[in-house]
Amino acid sequence: MPREVVIVGAGIVGLASAHHLLAEGWRVRLIERGGVAEGASFGNAGALAFTDVLPLASPGILRKAPRWMLDPLGPLALPPAYLPRIAPWLLRFWRASLPDRHRHATQVQSGLMRLAAQAMAAMVESAGLAGRLRHDGNLELYESEAEMAAAAPGWAAREREGIAFEHVRGARLAELQPGLSPRFVAGTFTPNWMTVDDPHRFALALHADMMAKGATLTKGEVRDIAPAGEGVCLTLADGTVLKADAGVLAAGAWSRDLARRLGDRVPLDTERGYNTTLPPGAFDLRRQITFGGHGFVVTPLSTGVRVGGAVEFGGLHRPPNFARADAMLRKAAAFLPGLRTEGGRPWMGFRPSLPDSLPVIGPSRATPRVIYAFGHGHLGLTQSAATGRIVADLLAGRAPAVALNALRAGRFG
């Protein structure tokens, strides 16, 4: 009889794990507290950012952060009342930004991204999702030559990792994206950057493929997970007890407490991201555009034009501050003259983030029959297929394609 695995979380990482485990012959049950892919997988920017290898924890971000945080609606916000709770996370973030640690994390991220690109291509082909990808690249914009020069070390690091890019000005800049404000004097085009037609629709299509191949979905909130003989036992909020041969914890921002029950204290927190999705036709957007100096992107989707990004530390329970989405929308209108801003749908979601900008992937402290797959921050969609492949390797007893020491839950002490 096939072995059974329970995956906690039906976001894009859980779905990708289901894809790989079904291919290995497992019986797969997904457990989801809300709707399928209705967390961070619902409203992200839709990027398959395989070239985004630089950790957020970097010397550069520490130089920018104080200036950004003086603006309550700027790219980085930290409500004063939340500071005591997140202070230990920020201390680890500072340590991760030191040059030697930053270089190491970049190398780890680069290796994971190489696997991510390969695994996503294979998953897209297998699940019939190729028509949902856009291969238009990304254009990052600069308001001055000084701003572009300040970004040069980051591009040099990408070049060392073999990532293709093109610095552009003048006619080439206008060709890549007509209708820009003249305040932008230069840009960097990354041709191998991809986006999906819509992240929620992409995830739902993957879910439909999983269901057609025999996966099942249980609606419920997992309150406890523990070893049980040669397998695992899960207890739901309604008292239901489920047993399986193995488990995968892919609950995104809600993973920390369950990991603690398995003996792992993981410093997982949330970056609350905001966006507004404008109706289709709001602007003739040729590709995803990054306004790096302002901390947000604009993405063309099949469902409209999405304006979003930024970082707000605030946990899972503070009410959303949609003034942040409005502030990005006003900036986008100034940066893209002609952008029609009426009829937008605002959204806020929780990015599960760790101080060193790397996910937690690997076995739990309590049992190798529970595999962690969470904490991807801004890169959950991008790294989902790679994570699923690693999960399948671990449960099959194979050595994964990337070294996991830098991704283990216990790396923070």
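Counting from 1, the numbers follow the sequence of the chain as shown. Because the structure is predicted, anything quoted here is derived from the model rather than measured.
Taking the six-membered ring for Trp and thresholds of 30 and 60 degrees, Phe350 and Trp254 have ring planes more than 60 degrees apart, a perpendicular arrangement. Relative orientation of the Phe184 and Phe335 rings is perpendicular, given thresholds of 30° and 60° on the angle between their planes. Classification of the Trp89-Phe93 ring pair by plane angle, with boundaries at 30° and 60°, yields parallel. The aromatic rings of Phe322 and Tyr274 stand perpendicular to each other, their planes meeting at an angle above 60°, with 30° marking the opposite boundary.
The environment of CZ in Arg318 is crowded: more than 12 heavy-atom neighbours from other residues, nucleotides or ligands sit within 6.0 Å. Heavy-atom neighbours of His104 NE2 from other residues, nucleotides or ligands within 6.0 Å: at or below the threshold of 12. Around atom CZ of Arg183, more than 12 heavy atoms belonging to other residues, nucleotides or ligands sit under 6.0 Å away.
When each of Thr276, Thr277, Thr195 is tested with Arg306 by the rule side chain to side chain donor-acceptor pair (under 3.5 Å), just one qualifies, namely Thr277. For the side chain to side chain donor-acceptor pair (under 3.5 Å) criterion with Asn138, the lone passing option out of Thr290, Thr190, Thr299 is Thr290. In summary, of the residues considered (Ile361, Leu381, Thr382), a side-chain contact (heavy atoms from CB on, under 4.5 Å) with His376 occurs for Ile361 alone.
With respect to Glu161 and Arg158, no salt bridge is recorded, no charged nitrogen being found less than 4.0 Å from a carboxylate O. Comment: Arg3 does not engage Glu24 in a salt bridge, judged by the lack of any side-chain N to carboxylate O separation of less than 4.0 angstrom.
A heavy-atom distance below 4.5 Å is found between the side chains of Pro99 and Arg103.
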